[in-house]
Amino acid sequence: MPMNHWLLKSEPETFGIDDLAALPQRTTSWDGVRNYQARNMLRDSMRKGDTAFFYHSNCENPGIAGIVRIARAGYPDASAFDASHRYFDPDSPAHAPRWYAVDVALVRKLSRVITLDELRAHAGKELAGMLLLRRGNRLSVTPVSRREWDFILALE
DNA sequence: GCCAACGTTGGC
DNA sequence: GCCAACGTTGGC
């Protein structure tokens with residue numbers, strides 16, 4: 001079965017690639033996603049073994065900072081059940097979960113950040129279809145084609 | 001079902 | 001900190 005590729009956004013000030021690298025198993029639950037389109041991808045499309053770019057957003061140097069592997073496919077996001085949690089959602093009780101998470105494990109940090117500027121420089125050609133580069137795109141989970149994946153990694 | 005108001009995202 | 005773009009909410 002062919003592996004799919006993804007791009008996951010995170011704000012490095014909240015949780016960056018180095019935070020993931022510092023965890024004991026270099027693995028974390030990718031929870032807190034509260035957007036239906038992104039939820040659908042976490043729940044329905046991501047499979048164990050898929051790989052994803054770890055993208056730093058809303059920061060000084062936005063871009064792709066590393067590669068992660070999906071270590072566990074979609075499961076209900078328990079952070080929505082806990083009233084004391086910042087991601088609590090009273091409309092997503094445990095018996096009828098609305099939100100989903102996956103587990104991601106660090107594969108490696110890139111030797112350098114492949115910047116948004118750099119990706120944009122190829123938006124007219126090799127990365128013409130890339131969702132991240134669409135104007136006004138805010139989705140925190142987006143698919144990346146095999147072609148885009150290979151092209152971007154060759155930039156490193 | 002429409003759409004104005006509101007909250008969030010994220011580059012700059 | 002600004003603000004454009006977008007998703008969601010809720011009155012009607």
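Hydrogens, waters and symmetry mates play no part in the numbers below; they use all other heavy atoms, side chains included. Worth saying up front: this structure is predicted, and the values here are computed from it rather than measured. So you know, we letter chains A, B, ... as the sequences are listed, proteins then strands, and number each from 1.
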Side-chain N or O of [X] less than 4.0 angstrom from OP1 or OP2 on [N]?
{"X": "A:Y55", "N": "B:dG11", "result": "yes"}
{"X": "A:K9", "N": "B:dT9", "result": "no"}
{"X": "A:R135", "N": "C:dA5", "result": "yes"}

Original post:
How would you label the contact of A:R120 with the nucleic acid (heavy atoms, under 4.0 Å): base, sugar-phosphate, or nothing?
Top reply: sugar-phosphate
Starting from [atom2] on [N], measure out to [atom1] on [X] and report it in whole angstrom.
{"X": "A:L131", "N": "C:dA5", "atom1": "CG", "atom2": "P", "answer": "18 Å"}
{"X": "A:D91", "N": "C:dT9", "atom1": "CG", "atom2": "C1'", "answer": "11 Å"}
{"X": "A:L116", "N": "B:dT9", "atom1": "CG", "atom2": "P", "answer": "18 Å"}
{"X": "A:Y36", "N": "B:dT8", "atom1": "OH", "atom2": "P", "answer": "15 Å"}
{"X": "A:E60", "N": "B:dG10", "atom1": "CD", "atom2": "P", "answer": "18 Å"}
{"X": "A:Q37", "N": "B:dT8", "atom1": "CD", "atom2": "C1'", "answer": "15 Å"}
{"X": "A:W99", "N": "C:dG7", "atom1": "CH2", "atom2": "P", "answer": "13 Å"}
{"X": "A:N35", "N": "C:dA5", "atom1": "CG", "atom2": "C1'", "answer": "14 Å"}

**OP:** Let me know, please, whether A:R98 or A:R138 comes out on the 5' side of the other along DNA chain C by nearest nucleotide.
**Re:** A:R138
Subject >> Contact nearer the 5' end of DNA chain C, comparing A:N58 with A:G136 >> reply: A:N58
**OP:** Count the heavy atoms of every other residue, nucleotide or ligand shown that sit under 6.0 Å from CZ of A:R147, and state whether that count exceeds 12.
**Re:** no
Original post:
Does atom CZ of A:R146 have more than 12 heavy-atom neighbours, drawn from other residues, nucleotides or ligands, at distances under 6.0 Å?
Top reply: no
Subject >> A:W30 to A:S10 - nearest heavy-atom pair and separation >> reply: CH2-CB, 3.7 Å
**OP:** Assess the pair A:W99 and A:Y36: is the distance between their ring centroids shorter than 6.0 Å?
**Re:** yes
Subject >> Geometric class of the A:F15/A:F54 ring pair [parallel <30°, tilted 30-60°, perpendicular >60°] >> reply: tilted
